[in-house]
6 protein chains.
Amino acid sequence: MRPSKRAPDELRKVTLERAVARYAEGSCLVKFGDTHVLCTASLEERPPMWVRGSGKGWVTAEYAMLPRATLERTRREVTAGKPSGRTQEIQRLIGRSLRAIVDLGALGERQITIDCDVLQADGGTRTASITGAWVALHDCLAWMRARSIIATNPLKDHVAAVSCGIYKGQPVLDLDYPEDSAAETDANFVITGAGGIVEIQGTAEGTPFSEDELLELLKLAKLGTTKLVDLQKMAVM
Amino acid sequence: MRPSKRAPDELRKVTLERAVARYAEGSCLVKFGDTHVLCTASLEERPPMWVRGSGKGWVTAEYAMLPRATLERTRREVTAGKPSGRTQEIQRLIGRSLRAIVDLGALGERQITIDCDVLQADGGTRTASITGAWVALHDCLAWMRARSIIATNPLKDHVAAVSCGIYKGQPVLDLDYPEDSAAETDANFVITGAGGIVEIQGTAEGTPFSEDELLELLKLAKLGTTKLVDLQKMAVM
Amino acid sequence: MRPSKRAPDELRKVTLERAVARYAEGSCLVKFGDTHVLCTASLEERPPMWVRGSGKGWVTAEYAMLPRATLERTRREVTAGKPSGRTQEIQRLIGRSLRAIVDLGALGERQITIDCDVLQADGGTRTASITGAWVALHDCLAWMRARSIIATNPLKDHVAAVSCGIYKGQPVLDLDYPEDSAAETDANFVITGAGGIVEIQGTAEGTPFSEDELLELLKLAKLGTTKLVDLQKMAVM
Amino acid sequence: MRPSKRAPDELRKVTLERAVARYAEGSCLVKFGDTHVLCTASLEERPPMWVRGSGKGWVTAEYAMLPRATLERTRREVTAGKPSGRTQEIQRLIGRSLRAIVDLGALGERQITIDCDVLQADGGTRTASITGAWVALHDCLAWMRARSIIATNPLKDHVAAVSCGIYKGQPVLDLDYPEDSAAETDANFVITGAGGIVEIQGTAEGTPFSEDELLELLKLAKLGTTKLVDLQKMAVM
Amino acid sequence: MRPSKRAPDELRKVTLERAVARYAEGSCLVKFGDTHVLCTASLEERPPMWVRGSGKGWVTAEYAMLPRATLERTRREVTAGKPSGRTQEIQRLIGRSLRAIVDLGALGERQITIDCDVLQADGGTRTASITGAWVALHDCLAWMRARSIIATNPLKDHVAAVSCGIYKGQPVLDLDYPEDSAAETDANFVITGAGGIVEIQGTAEGTPFSEDELLELLKLAKLGTTKLVDLQKMAVM
Amino acid sequence: MRPSKRAPDELRKVTLERAVARYAEGSCLVKFGDTHVLCTASLEERPPMWVRGSGKGWVTAEYAMLPRATLERTRREVTAGKPSGRTQEIQRLIGRSLRAIVDLGALGERQITIDCDVLQADGGTRTASITGAWVALHDCLAWMRARSIIATNPLKDHVAAVSCGIYKGQPVLDLDYPEDSAAETDANFVITGAGGIVEIQGTAEGTPFSEDELLELLKLAKLGTTKLVDLQKMAVM
């Protein structure tokens, strides 16, 4: 029995609210149950150094948590003077996931930065971020097309992410915080609308896991991301 | 004529929404028009070094803006490795304003940290922060009393803040961003429920201002903070 | 009775000694009693980023204290890796105060940096800094005119600063450290030669203050800055 | 055809040289072809904060590259003031991998730090690090048992790591730098002696990959880590 | 011919003014011609970690230059976030030089910090600092004895420092800035009252120097430090 | 009797192994007994700011120790966020020593960076670094001449370094760690092939030393560096 009483293959209630930030070119408030992330997309005409002169653009992401998104207050990273290793891992993951479904050539020499700020955290903040970031990015690109900044749509596909894990011996979908802290194995999957795997990150917290368990988690993840992609489609309709 | 078509002595629409953060002991989403600040109060049993052994507690504040709270994306301060001078000025101001109406002895050797995170910025983020922070602090103290952590109420009064300025020669109340960027003089007032002045910070951006102008701004500020205190009273009723 | 036995409206002994730094374009050792600040003005032909191409120049200030300027040794800020919030507040204040009386257009695309280094601190270091900085700036501009770097004098007026406060219920002028640490209310005023207010920063340390008290402090401040401006005039004569 | 002319399921020449650092409790110079990593294990009696009082110990890792381990000189991370996101990801991965096969209770309240310093980098530095780190850790634990610091062996199993990828459409084992920079998909596997999966990190650099491709990579990884574990066994015999 | 028209073995005019800092336990404004350094000695009852429990004390030094001590303004080190390599070299040298003539056991578990702040720099700031620091340290120790904080005098000898160099082929004593920037060889000597060498740091800027040249420089240095020690004796008489 | 049983004027066993780093333009693994330093030379076409436009090049050095080069593990400097004062002193010394024997004009507007990474430390790491760095630099310049990047050889002479000290009253050559920690006086000498002194840094750890002792140390140093230069000649033959 899951603490939230959900079925093993049941997502939390997911909502994707668009246009929540007045000034951003695209934005989305994504909720996976009690995990709430505000995603904004910002267009910058100045691309990073490494694409200048290449004719291509770049999509990057930054991630942070408000100090009291969590059960206990977390110290701001600016106080430590630098983003933690965990923060850097997550923002690199979000950026890679989005770049997998964007035609950087069609974007031109520009950068889109997706900021994912966690307002409330109940597990799965990185997967919620990726799922919501796609909506913010979609709307930013639509904004650019409406202004003829780009001629064609650089968005090649959807991308969504979900965590799966083995909790009390049972493979389950979309772990919340109580499950996440107790799971034997925890894996994050980033999957496209077409069903291709973009990223898989699986970690055994206790006992190592077997190939069969990996396949069961992957099956749940495909189920979950299919639903998330459907929700993205409805959101931007 | 003000860009927002408000009367010179008219506040923007102000709302104070309580209990918006699931995990915080107190919280308030304050809106001054398009300026939105999420204020959370966090109780920590470990007070800062300088009050240990004194029997007294401490109230402090931290302030930050989401990168896309603003018209143009602002770089995260963690990237620079330290809070800017502006951020430090603001969080020191919020902390002092709140400590002015709290009996630190009645709090006991504990610390309450108020985090003010600006979700959207249209001028007056520091005054909105102080006004909303009072509500979050109030609810945190109520939470503590309900659990008998404190015996008496350390809250001595209300405190609210508003900016005033001279815009196109006219003293006006509660400047929004277009007014703030063009005002000749800009002043922030922090005033208690009893009408006492806690802080006054006035700056001539262009021509220095006269004593008479200062008095007109103060009059507007008293009007504004009286209304804000009324809204606080309704919010926590 | 004030600890220094001064009358309520009496400044400390103030001296302004020019040309104390062999290499600087302008310099002034300002003493407000036992508060000693060395102010130097440095001309740099490279203005900051934000004025390039505007035809205008910039005046900025930096502020620091020698470690043993104070009763107890203070740790150098370089050890912490960054200027404290207090330092940043003060150097921003000095810069704004000076820019209020300089015609930045007449300066041309250059920067003048005023360094205010506190050799000894007995309260009022920021107000002494502003008062002495004006002299250093004046001499730097004279140096530039003598070399025909600028055609007209960008200096529009004098500017001086003084602190006032309510000490044991009595409004007093120019607080020294013993008064400053015990005052109920502490306010800094920056006022031009023409009597215009450039900055007012008032803080209630204990009980909030009233409008009447504010006006009494302002009256003292005008008296004090008038005398300081007279001393500046004599110094540069 | 692979640039190195290896068969798709062929590891580079791997050597594990023990006791290469005179002062460390355990050490191993691991070579995966032209990738050379010096791994040292250091016993510290002071465990990190989070295990104090728990009766358990901790195993952690740090990772760095010499500036000229690479084709072009890489700037030292100390110059930037902090480890890069990539470095932090890698050292967190090494630490998790080792903790998966150590009984932290049997270690007692101590910490073992494994330093993995890359002397030469030709791809696969993180997998070589994990594989060599196991040997250094083994020898450190043997050193401790020889001195009766621990009564039982905390080492529960072997752990080794290898990268696999899809290079020109072909799944291949143990990518070197030329393959790694051109691979469509790149995955790192950390697998125990018993064949359990500890970590899997797969990333599509270009086209997303399918479940079948994932399974092929996993099959190669199992083959590779089985051989690496055999080499570890021979090394510590 | 030296730019200053001094004889090859002639010091600049040296003055040592005591008790220049109101709050410090000892202080000295030392001038070597146009090089002016303010040295203060601060007693701290808390010694550094590495002497705690040893019964011994510590003497340390910090060194900094005011931004406009130099011909061109120098950026504050706090702006860079850390002391430069040059600053660290100098403050380590001053500390070692002073510890060479202090009986750290007689000091007890305390620390004396000597701050050397260069108000004006015309070459030889480190040697002036050491020479003036001795006076500040002497007065601090006298202050401590007067208050019976220490029973015996920990000061074992004088210590003074001077630079020598080969300028246009001629060995000269006490280089000023024009000489220092053009000298082929530059050496700093720290020598006790008894004539023992505490430190010698010689650097060939152009052509390497010979043993004979080294001996000539040492001869000049002994002459110079003998005079400096005489001046210290007169200063503290 | 020296702990290593060497004669007072006996170097440790010194080896200079070339071409140890596959990717560097020049490299040398230098061993002074148990002190092992990996020196690599990296050619960069972009010279530092201060030589641009001068037609001259630059040679610089960086120095670091692996964490477990030492008896006890040393914390990485990146963790502290900056190189220590000791590290900066050493890398500045290595750079100056090399520049003394290079014709920077013949190098052209380029930079060569010598990285000295200490793999194992038993005293004398800076002197071993300089001695090995010369070989790496030599090979880098040979590599450049072979590719006609430079027309003439910028290398004017050899340079080598050795430490000497007074250990139990006896002047000895090439101190190892046990001697270094107990020596009364410790001096490092950097001497060219022609016998010119480039740097001398002598420090009395306990009793100050006399001129005669300095001369004895210098004599030993000349003997030692003569042998080291012979070893360099054989190494690059």
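Counting non-hydrogen atoms of other residues, nucleotides and ligands closer than 6.0 Å to CZ of Arg147(D) gives a total above 12. No more than 12 heavy atoms of other residues, nucleotides or ligands shown are found within 6.0 angstrom of NZ on Lys56(F).
Neither the backbone nor the side chain of Ala80(D) has a heavy atom closer than 4.5 Å to any heavy atom of chain F. Neither the backbone nor the side chain of Glu72(D) comes within contact range of chain F; no heavy atom of the residue lies under 4.5 Å from a heavy atom of that chain. For chain F, the nearby part of Gln120(D) is the side chain; its heavy atoms alone come within less than 4.5 Å.
Residues Thr113(D) and Pro67(F) fail the side-chain proximity criterion, which asks for heavy atoms closer than 4.5 Å. Annotation: side chain of Arg73(D) is not in contact with side chain of Glu25(F) (no heavy-atom distance under 4.5 Å). At a threshold of 4.5 Å between non-hydrogen side-chain atoms, the residues Thr79(D) and Pro83(F) do not count as touching. Between Arg75(D) and Glu62(F) there is no side-chain heavy-atom pair separated by less than 4.5 Å. Put simply, the side chain of Leu119(D) reaches to within 4.5 Å of the side chain of Leu119(F), judged on heavy atoms. Using a 4.5 Å heavy-atom cutoff, the side chains of Arg76(F) and Asp115(D) are in contact.
Here the straight-line distance linking atom OH of Tyr23(F) with atom CG of Asp34(D) works out to 5.0 Å at 0.5 Å rounding. Note: Thr40(F) OG1 to Leu66(D) CG = 7.5 Å, rounded to the nearest 0.5 Å.
A pairwise comparison of heavy atoms in Arg68(F) and Ser42(D) identifies NH1-OG, 2.8 Å as the closest pair.
Considering only heavy-atom pairs separated by less than 4.5 Å from chain F, the leading option among His36(D), Arg22(D), Glu44(D), Lys82(D) is Arg22(D). Interface remark: of the candidates Val78(F), Asp122(F), Thr87(F), Val78(F) forms the most heavy-atom pairs closer than 4.5 Å to chain D.
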